Structures are given as structure tokens and as C-alpha cells.
Number of protein chains: 2
Amino acid sequence: MPRARIKDPLLKLPGYVLRRASAAALAELNQRLARLDLRHADVAMLMLIESSPGITQSQAGHVLAIQRANMVPFVARLEGRGVLQRRQVDRRSQALDLTRRGRMLLVRARRVVAAHEAALLKRVPDRLRPMVLPILMALWNRDRP
Amino acid sequence: MPRARIKDPLLKLPGYVLRRASAAALAELNQRLARLDLRHADVAMLMLIESSPGITQSQAGHVLAIQRANMVPFVARLEGRGVLQRRQVDRRSQALDLTRRGRMLLVRARRVVAAHEAALLKRVPDRLRPMVLPILMALWNRDRP
DNA sequence: TATTGTTATACTCTATAACTATA
DNA sequence: TATAGTTATAGAGTATAACAATA
């Protein structure tokens with residue numbers, strides 16, 4: 001039982017609340033995904049490959065904001081698990097595709113993600129809900145650095 | 001120059017966009033703070049101590065969601081830098097206060113944060129701007145786990 | 001010359017377990 | 001018995017530099 005309530009002066013800062021909201025949501029999603037032995041980044045990768053079969057490793061890294069160097073062990077882990085396979089497109093590029101196992105796993109993962117996203121949105125009052133995605137996209141501002 | 005545009009299937013997911021927006025904003029803030037040799041968490045700590053002088057180390061960790069074990073080197077670094085000081089409140093609790101140097105640094109840091117927050121909000125269309133904080137607070141949902 | 005994948009490495013952040021000394 | 005601080009350690013995630021092979 002907390003003794004004295006402490007005022008948090010950071011709650012007025014959208015940037016701070018953005019970070020805390022993101023961290024909380026991410027932790028929650030990872031917990032939900034744990035029973036599939038997946039992390040949020042794994043599912044993002046699977047969804048991207050399903051959407052763009054044959055996408056190259058570097059293209060995928062670019063979309064997901066994962067650097068080339070970090071893609072190597074990441075992709076290797078998923079390949080070693082048998083959920084994706086690499087295919088030589090030319091002699092330096094690797095095309096990525098889901099395996100049957102990957103597609104089956106993605107079906108289950110997508111349900112978990114959908115439940116998570118629904119839970120997130122449900123916290124927002126009905127009136128504000130349509131503004132969630134537009135506001136987050138605007139805050140992201142992924143063009144201008 | 002990108003060859004073929006790749007559709008990102010994750011852009012419809014608030015949770016994903018939340019994460020990307022947070023990561024981008026955080027990187028930007030840390031860049032802005034670099035000239036003061038500060039990280040975002042440092043400023044959060046300074047602002048919290050200024051708001052609640054004498055807050056204990058464990059209370060601060062609780063508010064900032066930093067675990068006790070991780071508070072130790074964190075606080076030690078700031079203390080070693082002379083921006084905060086620890087004071088024994090009883091024989092197990094440490095009260096934290098800003099030093100003069102800490103207060104002076106915070107004045108400058110606050111300006112950087114304010115510029116950052118303003119830049120964030122400016123990306124959001126006027127009509128949506130008043131909903132930013134309410135929506136982020138709702139998404140955070142810091143009560144229910 | 002620029003790009004792709006790769007290796008190696010380092011740094012930050014976060015998480016866990018165990019210990020001590022206090023309240 | 002629960003709490004505050006500490007130590008040690010491990011794991012993510014991310015960042016940089018350099019290299020080979022190829023477009």
C-alpha cells in the first residue's frame with residue numbers, strides 16, 4: 001500500500017506517454033505470443049513475407065527498420081525453425097518465403113495479434129477510437145527525419 | 001531509388017504503428033539531448049526529482065518503471081556526474097535531490113524536451129491534436145495489467 | 001561504384017536471482 | 001515478514017565497422 005501519492009510530472013508529455021504506452025503494449029503482446037514461442041518482431045516478419053512473398057532480406061529489413069547486420073541472425077533463427085526459407089534470387093540477394101509450417105504458425109499468430117489489437121483499441125473511448133490510427137501515423141511521421 | 005514499392009501490411013495495426021512511432025520519437029529525442037550528454041531517461045529522472053524533491057530511489061524507480069536493480073547504476077551515474085545527490089532518510093532508504101548543477105542542467109534539458117514535444121504535436125493535424133494525449137493515456141492503460 | 005549479405009563487436013535496456021540490512 | 005538497496009549476470013535489441021561477392 002503506497003504511503004504518499006507522488007505526482008508524475010511526465011504525464012503531460014505526449015512523447016513520454018507514447019513511450020510508456022508502447023512499452024506496455026509491447027510487453028503485453030510478447031506475453032500473449034509466448035505460448036507460440038514467438039516475439040513481436042517474428043510475427044511482423046511473417047506477416048510481411050506473407051504479404052510480399054519473395055521479398056528480399058534487405059527489403060524486409062528496410063520495411064521493418066532492422067539493419068542488414070541484425071537481419072542475419074534474425075532470419076537464420078526463423079529459417080532454423082522452419083517457418084521461412086531463403087531462395088537465391090541472384091547471387092547476392094536472398095528471397096524470403098514462408099514454409100507451410102510458417103503459414104500455419106502465422107494463422108495462429110494472427111489471432112493472437114488480432115486479440116491484442118482489439119484489447120488495445122477497446123481501452124480507448126468509442127468517440128476517440130477512429131482517431132487512434134491517424135494520430136499514431138501522424139506521430140510516426142515516417143518520411144521526414 | 002527503390003525499385004518496386006512494397007506494401008506494408010502492418011500499417012493497419014495500431015499496436016505496430018504505436019511501436020514505430022515511439023521508437024522514432026525516442027531516437028529523435030535522444031539525438032536532440034545528445035548535445036547535453038543526456039538520454040531521455042536521465043531527463044525523466046531529473047524532472048521527477050524536481051517535482052518530488054526527496055523522493056526515494058525505489059519510489060522513483062516505481063514511477064519511471066525502472067527496476068530496483070537497474071536503478072543502482074543509473075542513479076550512480078547521475079550522482080557521479082554531480083546532477084543529483086543521495087541522502088539517507090532512514091538506514092535503508094535513499095532520498096534523491098537535484099544539485100545546483102542538476103537544476104541548471106534541467107533548465108536546458110527542459111527546453112530541448114519542449115521543442116521535441118512541440119515538433120511531435122505539430123505533425124498531428126490541428127483538429128486531432130487535442131485527442132493526442134487522451135488517446136495515448138487510454139492506450140497506456142497503466143492500471144489494468 | 002553501390003548493393004547484399006555477412007562477421008564481429010559493443011553498447012544500451014531490461015530481466016532475474018540472490019544477498020544484506022533494515023523497517 | 002516485507003522492503004530498500006545492492007551485486008552479479010544474462011538476455012534482448014540496436015549500432016558500427018569492415019569485408020567479400022556481386023550488380
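Below, all heavy atoms of this structure are taken into account, side chains as well, without hydrogens, waters or symmetry copies. The structure presented is a predicted model; accordingly, all values stated were derived computationally and were not measured. Naming convention: chains lettered A, B, ... in sequence-line order (proteins, then strands); numbering from 1 in each chain.
Between A/Met71 atom CE and C/dT7 atom P the separation is 14 Å, expressed in whole Å. Between the CD atom of A/Gln88 and the P atom of C/dT3 there is a distance of 19 Å, rounded to whole Å. The CD-P distance, from B/Gln31 to D/dT14, rounds to 16 Å in whole Å. Residue B/Arg68 contributes atom CZ, which lies 14 Å from atom C1' of C/dA21 at whole-angstrom precision. Distance CD1 (B/Ile66) to C1' (C/dT14): 10 Å, rounded to an integer number of Å. B/Leu64 has its CG atom 13 Å from the P atom of C/dC13, to the nearest Å. Separating the CG atom of A/Leu26 from the P atom of D/dA12 is a distance of 14 Å, rounded to the nearest angstrom. As a whole-Å value, the separation of B/Phe74 CZ from D/dT6 P is 14 Å.
Distances shorter than 4.0 Å separate none of the side-chain N or O atoms of B/Arg92 from OP1 or OP2 on D/dT6. Close to C/dT3, at under 4.0 Å from its OP1 or OP2, lies no side-chain N or O of A/Ser58. Of the side-chain N and O atoms in B/Arg39, one or more sit less than 4.0 angstrom from OP1 or OP2 of C/dC13.
The two residues B/Pro14 and A/Leu136 come nearest to each other via the heavy atoms O-CD1, 3.5 Å. Of all heavy-atom pairs between B/Ser93 and B/Thr56, the closest is CB-CG2, 4.3 Å. Minimum heavy-atom separation, A/Leu11 to B/Met137: O-SD, 4.2 Å.
Counting non-hydrogen atoms under 4.0 angstrom, A/Ala41 reaches nothing in the nucleic acid. Among the atoms of the strands shown, only primed sugar atoms or phosphate atoms (P, OP1, OP2) are found under 4.0 Å from some heavy atom of B/Arg91. Within 4.0 Å (heavy atoms only), B/Arg86 reaches sugar-phosphate atoms of the nucleic acid but no base atom.
Side chain of B/Ala69, nearest nucleotide from C/dC13, C/dG5, C/dT16: C/dT16. Of the candidate nucleotides D/dT7, C/dG5, D/dT14, D/dT14 has the atom lying nearest to any side-chain atom of A/Asn70.
Toward the 5' end of DNA chain D, the nearer of the two residues A/Asp90 and B/Gln94, judged by each one's closest nucleotide, is B/Gln94. Summary of the strand contacts: A/Ala95 and B/Gln67 both lie near DNA chain C, and taking for each the nucleotide with the nearest heavy atom, the more 5' one is attributed to A/Ala95.
With hydrophobic clusters built from ILVMFWY side chains whose heavy atoms lie under 4.5 angstrom apart, A/Ile66 shares a cluster with A/Leu33.
A salt bridge between B/Glu79 and B/Arg86 is present, with a side-chain N of the basic residue lying under 4.0 Å from a carboxylate O of the acidic one.
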